[in-house]
Structures are given as C-alpha cells and as structure tokens.
Amino acid sequence: MRWILCIVLLAGCPASPTPTGTVCPDPDPNTLTYDNFGKSFMTRYCTWCHDSHLLHSQRNGAPIYHDFDTLLGVLEVPDHIDQETGIGPKASNYFMPGSRCPSVAGGPLDKDCNQPTDQERRDLALWIACERKRPHNFSDGGVDAP
Ligand code: HEC
C-alpha cells in the first residue's frame, strides 16, 4: 500500500538510507569514544545479528563483512552505519536495527528490537564521524587500541 501511494502520488515514499552529513568538529572534542559509547551502542542494538562469531545461518539476514563486535569491524563500513542508523543535519535514518530481534544473539526473531533514542542516533553519527579520523592500531585484532 505504501508503495502504491508512493508511485501514484509521489508522496509517502519510503525514505532510503541517506548520509547524515555529520561532521566531526575540528578539533575533535573526543567526548564520544568506542569505550564510553560505541561498544555499548553496538552491543545493545546491533550485535544480535552483526557479530563475527555468528555463522551465516545465525545472522537473521545480516550481511557478512558487517560485524560490529569490534571497532575494526565498525570502521570497515562507517558510511553504511551512518546511512542506516544515524541522525544528522541531512537525514534521520531509522533502518536499523529493524523491528524484530532475537533475544539471544543469533537466535530466532522472538522479540521487538530495543530502539536507540534519537539522541543516541545523533551521538552514533557524531562518534562515527570522529572515530574514523582518529589514529588506530589494530594489531590486536580490532579491540580499541589507539
Ligand atoms: C535482527 C537482526 C539485525 C539487527 C539487530 C541489526 N541488523 Fe543491520 N542488517 C540486518 C539485515 C537482515 C540486513 C540486510 C537487509 C537490509 O539491508 O535491510 C542488515 C543490513 C545492515 C547494513 C548494511 C546495509 C548495506 O549497505 O548493505 C548495515 C550498515 C547495518 N545493517 C547496520 C546495523 C546497525 C548499525 C545495527 C544496530 C543499530 C543493526 N544493523 C542491527 C539485520 C540486523
């Protein structure tokens, strides 16, 4: 129905993932870090499906190479994360985490997903914008090691 209205009226078209246009201030305020924000955000909302320990069959359709259980995994697809989940001056993206989630990582979709607040989505976009510019040493395999 939404798509029919969308085509007939060109109104109510489902939005598509759009870059939020979030820019990290210069100098980097360094307020949001992997340790104080990113890691817990991903654990609360994303690694139910996007975790490198989950087999393909356990991911509820989440694409491979989109694993958010490490900072390295996040920084491999920062634009995708911003476009799916971030809020910023140019877009408000609510595509992830979707509506139904597993109650144990990799399990069946048996509950409503916990949803990030709008403030958390803004913080996510800002954190990603800043974190991608910070120096990293991933010799430990992706655990935060500036
Ligand atoms: C219930 C399982 C599930 C959870 C939880 C989940 N995702 Fe996803 N994710 C998917 C599925 C399924 C797809 C592929 C279909 C799609 O793109 O809508 C996907 C695709 C993606 C993509 C790739 C889109 C592209 O460009 O190809 C990104 C980025 C993403 N998710 C980010 C996130 C983030 C960030 C979170 C946490 C806020 C999250 N996901 C939580 C299931 C999940």
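Just so you know, residue 1 is the first one in the sequence shown, and it goes up from there. Ligands are counted one by one from 1 in listed order, and the atoms in each one are counted from 1 as well. A quick note: this is a predicted structure, and the numbers were derived from the prediction, not measured.
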Original post:
Any N/O/S atom, backbone or side chain, of His50 lying under 2.8 Å from atom 8 (Fe) of ligand 1?
Top reply: yes

Closest to atom 24 (C) of ligand 1 among protein heavy atoms sits Glu84 OE2, 3.2 Å

Nearest heavy-atom approach of Pro97 to Pro116 is CD-CD, 3.8 Å

To atom 27 (O) of ligand 1, the nearest of Met42, His66, Glu120 on a heavy-atom basis is His66

Quick look: Leu109 vs ligand 1, heavy-atom contacts under 4.0 Å, and the answer is side chain

Exercise. Take atom NZ of Lys111 as the centre, draw a 6.0 Å sphere, and report whether it contains more than 12 heavy atoms from other residues, nucleotides or ligands.
Key: yes

Under 4.0 Å from one or more heavy atoms of His80, ligand 1 contributes atoms 26 (O), 29 (C)

### Task
Assess the side chains of Gln83 and Asp79: does a donor N or O sit below 3.5 Å from an acceptor N or O?
no

### Task
Using non-hydrogen atoms of the residue, decide whether Pro63 is closer than 4.0 angstrom to ligand 1.
yes

Does the distance from Cys101 SG to Cys49 SG come in under 2.5 Å? no

| task | Please work out which of the three classes, parallel, tilted or perpendicular, describes the rings of His66 and His80, given edges at 30° and 60°. | result | parallel

Discussion item. Measuring from non-hydrogen atoms of Leu124 to any atom of ligand 1, is the shortest distance under 4.0 Å?
Written reply: no

Side chain to side chain donor-acceptor pair (under 3.5 Å) with Ser52: of Asp69, Thr47, Asp67, only one passes, and it is Asp69

**Message:** Does either side chain, that of Asp82 or that of Thr20, offer a donor lying less than 3.5 Å from an acceptor on the other one?
**Reply:** yes

- Message: I'd like to know if Cys113 contacts ligand 1, where contact means a heavy-atom distance under 4.0 Å to any ligand atom.
- Response: no

Here the atoms of ligand 1 under 4.0 Å from any heavy atom belonging to Cys49 are 1 (C), 2 (C), 3 (C), 4 (C), 5 (C), 43 (C)

Out of curiosity, is Thr85 lining ligand 1, as in a heavy atom under 4.0 Å away?
-> yes

Residue, atom and distance of the protein heavy atom nearest atom 34 (C) of ligand 1 read Cys46 SG, 3.4 Å

Near Asn60 (heavy-atom distance under 4.0 Å), the atoms of ligand 1 are 12 (C)

Counting from 1 in the order shown, the ligand 1 atoms closer than 4.0 Å to a non-hydrogen atom of Gly61 are 11 (C), 12 (C), 13 (C), 14 (C)

For a quick check under 3.5 Å, do Glu84 and Tyr94 share a side-chain donor-acceptor pair by atom type? no

Filtering Lys111, Arg100, Met96, Arg44 for the heavy atom nearest atom 16 (C) of ligand 1 leaves Met96

Handout entry: Contact with ligand 1 for Phe68, non-hydrogen, under 4.0 angstrom
Key = yes

Note: ligand 1 atoms sitting under 4.0 Å from heavy atoms of Cys101 are 5 (C)

message = Using salt bridge (Lys or Arg N to Asp or Glu O under 4.0 Å), reason through Asp28 and Arg134 one step at a time and then give a plain yes or no.
response = CA-CA 9 Å; Asp28 181 348; Arg134 294 175 188 154; 2.7 Å; yes

* Asked: Going by the angle between their ring planes, with limits at 30° and 60°, are His136 and Phe138 parallel, tilted or perpendicular?
  -> parallel

